[in-house]
Every structure is written in C-alpha cells, then in structure tokens.
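Read the structure below first, then the notes.
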Amino acid sequence: MPLDVVDLRSFYASPLGHVARRFIGRTMLRFWPDCARQRLLGLGFATPYLSVLGIEAERVIAFMPAAQGVVNWPSPGLSASALVEPTLMPLPTASIDRIVLVHALEETESPDDLLEEVSRVLNPGGRMILVVPNRRGLWARMDGTPFGQGRPFSRRQLAALLRGAEFSPERWIEALYVPPLQRRLTIRSAPAWERIGSGLSLPFAGVHVIDATKQVYRRAALRATRRSFALRPILLPQPAPTPRAANPPVRPGPG
C-alpha cells in the first residue's frame, strides 16, 4: 500500500521522526553545505529536508507522487509543492541543478524509469541525494515508520540502478542505527547509537544516503556497433531480365 502524506507528516512530527530528520539531514548537509544559486527539487516527501538544504537556493520545488498525496509547503507564503507523476515530471530537460529523493524510490513500481526521469531533468553534472531504506537494517523490518514501507534495497542493487541510469556515486553514508522505537529511552540514546554504529560500520543501519552525480557523457556501445558493422548485408547487382515479346515472329516454312 502506498505511503499516505498524512502518515508521513505525522511521523516527522513525532519524536522518532525528529531523530530521523536530524541524522539524515546532518548527512545531507555534509554532502551539500551550500546550495546558493542552485535550483533545488525535492521528490517524494522531501520537505523536512528541503527546509534545511534550500535556505540559500535560487529556487526550491517539492514534487509529491500522485499515489501519496500532497500538502501545502512551505506553510507561510506561496506554495512550492505540486502533485505529479514521478516518471513524467512537468519540467524541461536539464532544468534542475540538484534533486533530493526521499520516500520515492522504494515506492515506485519502476525504479529504473524514475532514475531515468531524474537524469532527464538534471543538468549535465547535476547532483542527486538519494535516501533509501537499507535491506539489512532494522527500520526496513518494522512497518511502524515510513522506512518500513515499500521495497528496501541492498548496496549492490542501488549501485546497479545508479550505473544503469548513468549516475556516479560520489559519497555513500549509512544512517539511522538507532532502533525504530518510540520509547523515551531509545530516543535519548539515539546519538550514542549513531556514534557507535557509524564508528564501527555496523551493517544494520536504517537507510542509505547517497550523493551521486549525473555523468556528462554516456558510454558508447562499442561491441554492438562492431557487431552490426560486421553483419551488415552487402547487396550485389543482379542482371536485369530480358523482356519477352508478346507475340513471337512466325518463321516461313520451307519451299
């Protein structure tokens, strides 16, 4: 069942949601400490993080999937959010400098098509932050949070998806080592969980946070080109048939 925007907003208003926003947002700021003069797009439910990243940005837009629903954002002033089909975004090609995907890839039916569309609207050399539930993590195994919904990914699966969409991962950090429990003791000990988990590189982090760059040039399919050249048919000239007369001439008989 797709995530609902009401449930997402309720989660980020809870103490555990504040913990998730704190640690994921801190990682994003390590990747992008300055977005000045950048056109920034959030896809999925990225508004809790756009408020942190887009302070100095030239323009900030929040696109939310049609199956999820949309909320007005930001609360004061004119709305910068819209309801869209993620694989058919109403944006010109190469019109965005940076994109943040949160609660998006794990919810789509076609991750390849989604990343291809993201690549289309990004400028050559544009950057993307991707936040995806970790298949081996505790958060993906418990459905009490949005990170326990949809399809989680392993590191190898994500690397293959990014490579297929012509993205190059620059930095890859795992976050949310704290168990996804709303207990007061768990919330208070969250910094210790995060410090120990990241320091020891434990395998049960809740999410992958990836900073990837769109490749400027696509790889050429050399083998396919050579094969098609080698098997190219050669047309040989054929002799034209001699036309027959409609009524052959009658030869005179002897005598």
Side-chain angles (χ1 to χ4, degrees), residues 3 5 7-35 40-55 57 60 62-65 68 71 73-74 98-107 118 127-155 158 162 167 169-182 186-199 201-212:
L3 289 173
V5 70
D7 297 330
L8 286 162
R9 186 165 56 176
S10 299
F11 167 73
Y12 281 103
S14 69
L16 189 59
H18 283 290
V19 169
R21 179 185 178 186
R22 175 183 174 186
F23 293 126
I24 295 175
R26 180 186 299 174
T27 303
M28 289 183 176
L29 283 175
R30 288 176 59 184
F31 292 162
W32 298 351
D34 183 16
C35 290
L40 178 63
L41 169 66
L43 184 60
F45 192 78
T47 53
Y49 308 99
L50 293 179
S51 303
V52 178
L53 293 174
I55 297 176
V60 184
F63 280 174
M64 302 183 186
Q68 169 189 292
V71 294
W73 181 87
R98 299 188 180 187
I99 296 183
V100 178
L101 271 73
V102 188
H103 305 298
L105 192 70
E106 67 269 27
E107 290 294 319
V118 169
R127 297 172 68 181
M128 170 186 68
I129 286 182
L130 182 62
V131 180
V132 187
N134 180 11
R135 188 176 180 181
R136 302 174 64 185
L138 296 176
W139 290 68
R141 302 172 186 272
M142 302 177 68
D143 57 4
T145 75
F147 295 105
Q149 310 296 324
R151 174 188 175 187
F153 289 85
S154 67
R155 193 181 183 101
L158 288 173
L162 292 172
F167 280 99
E170 303 294 336
R171 286 172 289 186
W172 195 313
I173 294 179
E174 295 180 343
L176 296 187
Y177 290 91
V178 58
L181 303 174
Q182 294 282 4
T186 304
I187 301 299
R188 288 182 177 178
S189 61
W193 281 96
E194 202 71 13
R195 185 169 57 254
I196 295 172
S198 59
S201 299
L202 298 178
F204 55 81
V207 295
H208 303 281
V209 187
I210 309 162
D211 177 21

For this session: Check whether any side-chain heavy atom of Ile187 lies under 4.5 Å from a side-chain heavy atom of Leu16, and answer yes or no.
Result: yes
Exercise. Taking side chain as C-beta onward, heavy atoms only, is Ile24 less than 4.5 Å from Phe147?
Worked result: yes
Exercise. Does some side-chain heavy atom of Pro15 sit less than 4.5 Å from a side-chain heavy atom of Gln182?
Worked result: yes
Exercise. With a 4.5 Å limit on heavy-atom distance, are the side chains of Pro169 and Arg155 in contact?
Worked result: no
Problem set entry | Pairwise side-chain contact, Trp139 with Val178, heavy-atom cut-off 4.5 Å (strictly under) | yes
For this session: For residues Met64 and Val71, determine if any side-chain heavy atom of one lies less than 4.5 Å from a side-chain heavy atom of the other.
Result: yes
Problem set entry | Any Val100 side-chain heavy atom under 4.5 Å of Trp32 side chain | yes
Exercise. Taking side chain as C-beta onward, heavy atoms only, is Met28 less than 4.5 Å from Val52?
Worked result: no
Seminar exercise, completed: Taken to the nearest 0.5 Å, the spacing of Leu53 CG from Asp34 CG works out to 11.0 Å
Exercise. Would you call the rings of His103 and Phe45 parallel, tilted or perpendicular, where under 30° means parallel and over 60° means perpendicular?
Worked result: tilted
Problem set entry | Gap separating the CZ atom of Phe204 from the CG atom of Leu138, nearest 0.5 angstrom | 6.5 Å
Exercise. Quick one: CD1 on Ile99 to CG on Leu130, what's the gap to the nearest 0.5 Å?
Worked result: 11.0 Å
